[in-house]
Amino acid sequence: MIQASNVTLRFGKKALFEEVNIKFTEGNCYGIIGANGAGKSTFLKILSGELEPTQGEIIITPGERLSVLEQDHFKYDDCIVLDTVIMGNQRLYDIMKEKDAIYAKEDFTEEDGIRASELEADFATMNGWEAESDAATLLNGLNIETDLHYKQMSELSGSEKVKVLLARALFGNPDILLLDEPTNHLDLDAIRWLEEFLINFENTIIVVSHDRYFLNKVCTHTVDIDYAKMQLYAGNYDFWYESSQLMIKQMKEANKKKEEKIKELQEFIQRFSANASKSKQATSRKRALEKIELDTLRPSSRKYPYVDFKPDREIGNEVLTVTNLSKTIDGEKVLDNVSFTVGHDDKIAFVGSYGIAATTLFQILAGEMEPDEGDYKWGITTSQAYFPKDNTKDFAGTDTIVDWLMPYSPEKDATYVRGFLGRMLFSGDDGLKKVNVLSGGEKVRVMLSKMMMLGANALIMDEPTNHLDMESITSVNNGLIKFPGIVLFTSQDHQFIQTIANRIIELTPNGMIDKVTTYDEYLDSDEMARKRQSLS
């Protein structure tokens with residue numbers, strides 16, 4: 001059990017949390033939600049002891065071990081991958097190292113023998129003999145191949161390091177597990193494995209995530225942070241949303257009835273206060289009026305950008321034909337004889353763990369890269385807008401947001417552009433920010449603004465939900481559902497794919513799978529079953 005007791009955190013005069021009292025108990029998974037800046041990650045740091053609250057305390061049941069998903073991807077670069085995972089249980093790792101050091105001594109003393117015996121007893125109690133195999137099982141579950149287990153962390157790619165740090169947090173059956181955005185940079189297979197792991201985890205989990213499907217899948221409870229307060233709901237993300245909306249609706253209806261009663265009493269008092277025979281009744285109604293209090297309905301701190309892709313022209317029947325495309329990058333053939341045709345109603349999700357293939361394909365289709373072999377042809381009625389996974393070069397200059405967007409605006413007027421930006425949550429002078437200092441989420445919203453201004457009827461979007469908060473993801477999700485053109489996209493957000501795509505393409509090192517189906521149906525298909533079996 002871990003508990004926050006009267007926890008308050010202030011930065012200067014601003015209170016991020018005030019008098020938070022909440023208990024997290026064994027056997028439950030708690031999803032922490034709230035707008036960007038609400039303090040979700042900060043609260044996890046308080047729970048872990050990394051950050052001290054201004055007042056109040058964190059209480060943990062004595063003897064329970066707390067494990068945290070590390071965010072510094074370079075912290076363990078000098079360590080072996082398998083050792084990094086086992087370090088998740090620092091006490092066990094220390095015992096292993098001390099034990100090895102004693103046995104390596106040339107002058108092994110009686111005192112060393114006694115100490116070694118004590119360590120061996122602790123080692124056995126902590127299931128030390130299974131430590132390496134347990135760590136390997138976690139790594140394999142997250143698709144870190146066995147030949148990487150004994151390499152140094154510095155030799156791994158960024159996404160591989162993320163998986164190792166996640167395995168480190170999960171290792172050794174911790175009593176309390178704190179996970180901040182655990183699905184970031186994970187492929188869909190790894191996310192699916194993590195979901196099953198957490199569903200079967202019997203201790204306490206507290207998780208921050210922008211992935212709505214993930215929260216629905218694993219969470220038993222939801223903690224909503226809004227206006228420096230935390231409200232606990234028994235249920236997953238969808239339950240929280242329905243409950244919070246119902247609560248607001250009920251409060252509005254109750255207020256409406258109260259307002260009607262107030263109006264009725266005021267009319268009676270105004271009409272009969274000067275009437276001697278009715279003065280007692282008027283006085284009684286004055287007292288009743290004073291007792292009526294309207295419920296305070298504070299608007300949520302959550303803000304949703306206005307995302308609406310409106311094509312300038314309707315798309316024709318001939319959209320896109322891809323024929324025998326091949327591309328080799330740094331000696332690796334990432335596209336091998338890829339062919340497919342896109343219809344005018346298609347919204348295609350490119351899925352799977354081989355993400356570089358889809359990114360390369362999108363760069364070719366957007367005209368940013370030439371294929372080694374094969375070709376592609378867009379229909380004459382199509383116009384394309386491209387959202388790259390890496391937008392670093394797009395925002396390398398020192399233009400303001402307004403100046404950066406002006407070439408793409410249908411009206412070459414700063415007032416129009418600033419109005420457009422206002423709908424995308426850039427208020428006031430935000431439009432005068434330099435593009436090279438924007439946060440990841442701000443850059444995405446600027447890029448989405450550009451795509452909406454272009455009025456294209458064919459959208460190519462490589463991980464558009466990266467860096468966005470849940471509210472922005474919801475807005476983009478709904479915008480693409482309504483969009484009447486075609487969409488080629490990748491995403492690690494399950495719900496995003498399920499609600500948008502009507503066709504799934506998976507590019508693998510061994511070929512291409514192309515199915516007209518929903519994402520859930522694809523995951524349950526025979527092809528995926530055979531694939532999972534071959535990987536197990």
For S339 and N324, test the side chains for any donor-to-acceptor distance below 3.5 angstrom and give the result as yes or no.
yes
Residue pair L177 / L179, side-chain heavy-atom distance below 4.5 Å
yes
Would you compute the distance between atom CE of M153 and atom SG of C79 and round it to the nearest 0.5 angstrom?
8.0 Å
Under 3.5 Å, is there a donor-acceptor pair between the side chain of S491 and the main chain of E463?
no
Verdict with supporting geometry, T499 and N477, side-chain hydrogen bond (donor to acceptor under 3.5 Å, both in side chains)
CA-CA 8 Å; T499 54; N477 197 159; 2.9 Å; yes
Could you please spell out the steps behind the ring pair (Phe, Tyr, Trp, His ring centres under 6.0 Å) verdict for Y519 and H494?
CA-CA 8 Å; Y519 185 52; H494 185 119; 4.9 Å; yes
Atom of S383, atom of G455 and distance for their closest heavy-atom approach
OG-O, 4.1 Å
For the side chain of E332 and the backbone of I329, is there at least one donor-acceptor N/O pair under 3.5 Å apart?
no
CG of N502 to CD1 of I348: how many Å apart, nearest 0.5 Å?
7.5 Å
Take the angle between the ring planes of Y416 and F420 and call it parallel below 30°, perpendicular above 60°, tilted in between.
tilted
For F426, does the six-membered ring have the charged nitrogen or CZ of R418 within the cation-pi criterion, i.e. under 6.0 angstrom from the centroid and within 45° of the normal?
no
With no hydrogens and no angle check, just 3.5 Å: does a side-chain donor-acceptor pair link R212 and Y241?
no
Within-4.5 Å side-chain heavy-atom neighbours: K217 and N236
no
Roughly how far apart are Y522 OH and Q498 CD, rounded to 0.5 Å?
14.0 Å
Taking atom types as modelled, find out whether E471 and T474 have a side-chain donor-acceptor pair closer than 3.5 angstrom.
no
Give me the atom names and distance for the closest heavy-atom approach of L215 to G31.
CD2-CA, 4.2 Å
Is it true that a side-chain atom of K163 and a backbone atom of L142 form a donor plus acceptor pair closer than 3.5 Å?
yes
Ignoring hydrogens and geometry beyond distance, is a side-chain donor-acceptor pair present between D493 and T465 at under 3.5 Å?
no
Sub-3.5 Å donor-acceptor pair from the side chain of K412 to the main-chain atoms of M406, do we have one?
yes
In the structure I gave you, are the side-chain heavy atoms of L232 and D224 within less than 4.5 Å of one another anywhere?
no
Do V81 and Q152 come close enough that some side-chain heavy atom pair is under 4.5 Å?
no
Taking the six-membered ring for Trp, are F496 and F489 parallel (under 30°), tilted (30 to 60°) or perpendicular (over 60°)?
perpendicular
Mind running side-chain contact (heavy atoms from CB on, under 4.5 Å) on V223 and F24 for me, showing each step along the way?
CA-CA 10 Å; V223 178; F24 303 96; 4.0 Å; yes
N-O pairing of D189 and R192 below 4.0 Å
no
Among T222, D238, D211, which one satisfies side-chain hydrogen bond (donor to acceptor under 3.5 Å, both in side chains) with N216?
D238
Rounded distance (nearest 0.5 Å) linking atom CG of D336 with atom CD of E373
8.5 Å
Assess the residue pair V322 and T341 against the criterion (side-chain contact (heavy atoms from CB on, under 4.5 Å)); give the C-alpha distance rounded to whole Å, side-chain angles, the decisive distance to 0.1 Å, and a yes or no.
CA-CA 6 Å; V322 175; T341 301; over 6 Å; no
Shortest non-hydrogen pair, V307 vs S475, comes out as CB-O, 3.6 Å
side-chain contact (heavy atoms from CB on, under 4.5 Å) evaluation trace for L459 with Q384:
CA-CA 6 Å; L459 306 180; Q384 302 85 42; over 6 Å; no
Tell me whether the NZ or CZ atom of K450 lies within the 45° cone about the ring axis of Y408 and under 6.0 Å from its centre.
yes
Distance alone, cut at 3.5 Å: any donor-acceptor contact between the side chains of T398 and N436?
no
Consider ring-ring contact (aromatic ring centres under 6.0 Å, His included). Of W240, Y30, Y233, which one does H221 pass it with?
Y30
Distance only, no hydrogens: is a donor on one side chain within 3.5 Å (strictly under) of an acceptor on the other, for D372 and S326?
no
Closest contact, heavy atoms only, V208 versus P182
O-CD, 3.5 Å
Close side-chain approach of L194 and L166, heavy atoms under 4.5 Å:
yes
Taking the six-membered ring for Trp, is the centroid-to-centroid distance between F350 and F362 below 6.0 Å?
yes
Any donor-acceptor pair under 3.5 Å linking the side chain of K327 with the backbone of E370?
yes
Whether K393 and E368 form a salt bridge (side-chain N of Lys/Arg under 4.0 Å from carboxylate O of Asp/Glu) is what I want to check.
yes
In terms of side-chain heavy atoms, does S472 have a donor or acceptor partner in D469 at a distance below 3.5 Å?
yes
Knowing that exactly one of D134, V164, T84, L148 qualifies, which makes a side chain to side chain contact (heavy atoms under 4.5 Å, CB included) with L139?
V164
No-hydrogen, no-angle side-chain donor-acceptor test under 3.5 Å, D403 and T400:
yes
Would you say Q71's side chain and L69's backbone share a donor-acceptor pair under 3.5 angstrom?
yes
Sidechain N-carboxylate O distance under 4.0 Å for K310, D308:
yes
Is the shortest side-chain heavy-atom distance between K161 and D77 below 4.5 Å?
yes
Side-chain donor or acceptor of K347 paired with backbone N/O of L480 under 3.5 Å
yes
Looking only at side-chain N and O atoms, does Y76 offer a donor or acceptor that is under 3.5 Å from a partner on E70?
yes
H210 and M470: which non-hydrogen atoms are nearest, and at how many Å?
CD2-N, 3.4 Å
So, T360 versus Q363: side-chain donor-acceptor pair below 3.5 Å or not?
no
Indicate yes or no for a side-chain donor-acceptor contact from D187 to the backbone of A190 under 3.5 Å, with no hydrogens or angles considered.
yes
What is the minimum heavy-atom distance between F483 and P311, and which atoms define it?
CE1-CD, 3.8 Å
Report yes if some heavy atom in the side chain of V207 is under 4.5 Å from a heavy atom in the side chain of C29; otherwise report no.
yes
Given the rule in the side-chain contact (heavy atoms from CB on, under 4.5 Å) test, do Y213 and I497 qualify, once you have shown the distances and angles that lead to the verdict?
CA-CA 10 Å; Y213 181 88; I497 300 173; over 6 Å; no
Can any side-chain N or O of N28 pair as donor or acceptor with the backbone N or O of T204 at less than 3.5 Å?
no
Rounded to the nearest 0.5 Å, how far apart are OH of Y150 and CG of L82?
5.0 Å
N200 (side chain) donor-acceptor with E196 (main chain) under 3.5 angstrom
yes
What's the spacing between T42 OG1 and F11 CZ if we round to 0.5 Å?
5.5 Å
Report yes if the side chains of M447 and P388 come closer than 4.5 Å at any heavy-atom pair, otherwise no.
yes
